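Data first, discussion second: the structure below is written as structure tokens.
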Protein chains: 2
Amino acid sequence: MARYRRSNPLALAVLAQLWERPQHPYEVATTLRERHKDTSVKLNYGSLYTVVDSLEQHGFIEALEARREGGRPERTVYGLTEDGREELYSWLRDLIGQPVKEYPRFEAGVSLIGIIEPDEVVVLLRRRAELLRQEIDALGGTTEMLMEMGLPALSWIELSYRTAITRAELEWVEQLVTAIENDAIDGIEQWREWHSGDAPPGSIVSEKFSKKK
Amino acid sequence: MARYRRSNPLALAVLAQLWERPQHPYEVATTLRERHKDTSVKLNYGSLYTVVDSLEQHGFIEALEARREGGRPERTVYGLTEDGREELYSWLRDLIGQPVKEYPRFEAGVSLIGIIEPDEVVVLLRRRAELLRQEIDALGGTTEMLMEMGLPALSWIELSYRTAITRAELEWVEQLVTAIENDAIDGIEQWREWHSGDAPPGSIVSEKFSKKK
DNA sequence: GTCCATATATCCGGAAGCGAGTAACCCATG
DNA sequence: CATGGGTTACTCGCTTCCGGATATATGGAC
């Protein structure tokens with residue numbers, strides 16, 4: 001049997017659900033929705049069943065019963081195996097104990113930001129900042145709601161994380177806007193030149209990099 | 001022709017490279033490596049050629065020549081089309097102007113953190129914090145190196161972003177460690193109970209959520 | 001009693017992703 | 001001049017992902 005690759009975090013969420021009690025896939029999905037876990041783990045039905053099959057093939061979960069109630073589609077209830085429990089713990093420990101390189105879309109965008117002219121970048125970043133502020137507000141709202149429902153902080157701790165990271169991004173964006181506006185960025189002259197004249201795009205960076213060798 | 005889905009940021013990086021000048025895929029890859037862009041955009045050869053094919057099919061790039069030098073494998077040089085240039089700008093504007101929901105692995109881990117017992121979580125978070133500190137140091141080192149090479153700040157601006165975000169995560173982690181150690185988290189009593197006794201795992205959270213309905 | 005929207009539960013086929021493999025060249029070393 | 005390790009430039013085939021499609025049941029409106 002091929003080694004398990006731990007690619008899709010949805011598989012982790014499935015293990016976590018079955019750790020509480022046996023369930024059928026659709027039930028797992030609705031529970032995750034109910035608990036807002038689908039904001040931390042990408043959930044879509046297409047992937048769900050692929051992931052469940054894969055977990056079964058690796059012996060982490062097993063079909064307990066395939067019951068047909070009324071004329072509804074048959075539903076298969078899965079339970080966690082001992083191997084599955086161990087995989088759950090081990091995976092979770094890894095996830096928490098060791099940072100892994102991620103590739104957020106915005107970072108990709110930032111790394112190519114020179115392709116857009118500075119003045120437009122400022123406009124775009126302002127828009128982003130505004131949307132980030134809205135997001136932070138929304139996160140605060142959700143947090144309050146859950147608090148009023150009497151849920152322990154532990155059950156929505158990921159909201160606190162998300163808020164902290166979003167705040168940091170907002171600050172960085174605001175700071176960059178200021179820097180561009182005040183021409184306080186090294187290389188801004190060339191940046192403006194590329195876009196105002198007929199200099200071949202990106203040539204300066206290319207040359208500088210070539211020198212390196 | 002199916003609408004282009006902008007799924008893989010590697011496609012954006014390819015467009016950006018061809019925007020400077022026509023190149024063959026392998027050359028694109030090495031240039032991205034040389035400029036450290038492969039830390040912001042996931043690059044592997046398997047995906048590279050899939051992505052290039054897809055871009056060609058959508059008319060964003062076109063094959064200019066397929067030259068065979070010596071007995072080496074044939075290499076196809078691609079150039080950006082007008083549509084491709086527009087797609088590049090439009091995609092980049094979107095990426096910078098609008099935040100999109102992302103699903104970092106750590107957030108998934110955090111959302112399920114209750115499955116691990118509090119004392120072990122502290123150990124794990126300490127380890128993570130240490131590794132994050134090392135990462136921040138490494139980022140600083142790279143930045144200095146590039147600065148000494150005389151490259152304008154604009155060309156490694158993504159390092160500044162990554163540093164800011166990593167710092168924020170580190171602060172959050174450190175703060176959580178302190179909170180757990182001082183029992184300053186709402187719900188920590190239940191958390192400790194689940195793991196010290198025979199209470200059915202996760203039951204409290206489940207019940208509370210069920211109440212909601 | 002029947003119509004329609006919504007909920008339940010899963011399946012499917014095409015698209016995308018990815019690591020390992022291939023095959024020729026290049027250059028240094030003994 | 002044989003050998004072997006690195007570089008160049010892809011190619012292949014297996015997995016995974018994911019957006020609909022499907023098929024039935026339930027419940028309320030009229």
Side-chain angles (χ1 to χ4, degrees), chain A residues 1-14 17 22-34 38 41-58 60-61 63-78 100-103 105 108 213, chain B residues 1-14 17 22-34 38 41-58 60 63-78 101-103 213:
Chain A
M1 191 199 308
R3 219 178 79 259
Y4 186 61
R5 289 194 331 118
R6 290 185 184 173
S7 54
N8 195 344
L10 179 57
L12 180 72
V14 169
Q17 285 307 307
Q23 292 173 58
H24 54 99
Y26 188 82
E27 195 181 355
V28 168
T30 46
T31 312
L32 289 176
R33 286 253 157 80
E34 214 176 67
D38 60 330
V41 175
K42 192 160 44 178
L43 165 63
N44 64 48
Y45 290 103
S47 308
L48 178 62
Y49 290 88
T50 316
V51 149
V52 165
D53 282 354
S54 161
L55 286 174
E56 189 183 16
Q57 254 152 51
H58 285 87
F60 296 141
I61 66 178
L64 298 183
E65 43 172 345
R67 198 169 42 189
R68 178 182 296 274
E69 262 174 35
R72 285 189 213 169
E74 191 180 61
R75 42 183 223 182
T76 309
V77 175
Y78 291 90
V100 292
K101 187 54 211 94
E102 312 245 10
Y103 298 87
R105 322 292 268 209
K213 299 204 296 191
Chain B
M1 191 201 308
R3 221 180 76 258
Y4 186 60
R5 289 190 337 116
R6 289 184 184 172
S7 53
N8 195 343
L10 178 57
L12 180 72
V14 169
Q17 286 306 306
Q23 292 172 57
H24 55 100
Y26 189 83
E27 194 180 358
V28 168
T30 46
T31 312
L32 289 176
R33 286 253 158 80
E34 212 177 69
D38 61 330
V41 175
K42 191 160 44 176
L43 164 63
N44 65 48
Y45 291 104
S47 308
L48 179 61
Y49 290 87
T50 316
V51 150
V52 164
D53 282 354
S54 160
L55 286 174
E56 188 183 18
Q57 255 151 49
H58 284 86
F60 295 140
L64 298 182
E65 44 172 344
R67 197 170 40 192
R68 178 182 297 275
E69 261 173 38
R72 286 189 212 168
E74 189 178 61
R75 42 182 224 183
T76 309
V77 175
Y78 291 91
K101 224 275 148 253
E102 312 243 11
Y103 299 86
K213 298 206 292 189

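Values reported hereafter were calculated over all heavy atoms of this structure, with side chains retained and with hydrogens, waters and symmetry mates removed. Keep in mind the model is a prediction, meaning the values are calculated, not measured. A note on names: the letters A, B, ... follow the listed sequences, proteins ahead of strands, and every chain is numbered from 1.
OP1 or OP2 of dC18(D) has at least one side-chain nitrogen or oxygen of Lys42(A) nearer than 4.0 Å. Phosphate proximity of dT10(C) to Tyr49(A): present, with a side-chain N or O under 4.0 Å from OP1 or OP2. Tyr45(B) has no side-chain polar atom (N or O) that falls below the 4.0 Å cut-off from OP1 or OP2 of dC10(D). A close approach under 4.0 Å does occur between a side-chain nitrogen or oxygen of Asn44(A) and OP1 or OP2 of dG19(D). Phosphate contact (OP1/OP2 of dC17(D), side-chain N/O of Ser7(A), threshold under 4.0 Å): present.
Within the 4.5 Å cutoff, no side-chain heavy atoms of Val77(B) are placed close to those of Gln23(B). No side-chain heavy atom of Leu55(A) sits under 4.5 Å from any side-chain heavy atom of Gln57(A).
One atom, CD of Gln23(A), and another, C1' of dA9(C), lie 14 Å apart when rounded to the nearest Å. At whole-Å resolution of the value, CZ in Arg5(A) and P in dT16(D) are 6 Å apart. If you take NE2 of His58(A) and C1' of dT16(D), they are 12 Å apart, rounded to a whole angstrom. Atom-to-atom, OH of Tyr103(B) to P of dC17(D) comes out at 14 Å; the value is rounded to the nearest Å. The CZ atom of Arg6(B) sits 19 Å away from the C1' atom of dC18(D) (whole-angstrom rounding). If you measure from atom CZ of Arg33(A) to atom P of dT6(C), you get 16 Å, rounded to the nearest angstrom. Rounded to an integer number of Å, the gap from CG of Leu55(A) to P of dT16(D) is 10 Å. The CG atom of Asp53(B) sits 11 Å away from the C1' atom of dC10(D) (whole-angstrom rounding).
Of the candidates dA16(C), dA9(D), dT10(C), the closest approach to any side-chain atom of Tyr26(A) belongs to dT10(C). The listed nucleotides are dT8(C), dT16(D), dC18(C); the one nearest the side chain of Ser47(B) is dC18(C). Each of dA9(C), dC10(D), dC18(D) was ranked by its minimum atom distance to the side chain of Arg75(A); first place goes to dA9(C).
Between the side chain of Ser47(A) and the backbone N or O of Leu43(A) there is no donor-acceptor pair closer than 3.5 Å. Checking side-chain atoms of Ser54(A) against main-chain N and O of Thr50(A) turns up no donor-acceptor pair under 3.5 Å.
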Query raised in the report: Can you list the steps and then say if Leu10(A) with Lys42(A) is a side-chain contact (heavy atoms from CB on, under 4.5 Å)?
Result: CA-CA 7 Å; Leu10(A) 179 57; Lys42(A) 192 160 44 178; over 6 Å; no
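Both His24(A) and Asn8(B) lie close to DNA chain C; mapped to their nearest nucleotides by heavy-atom distance, the more 5′-ward contact belongs to His24(A).
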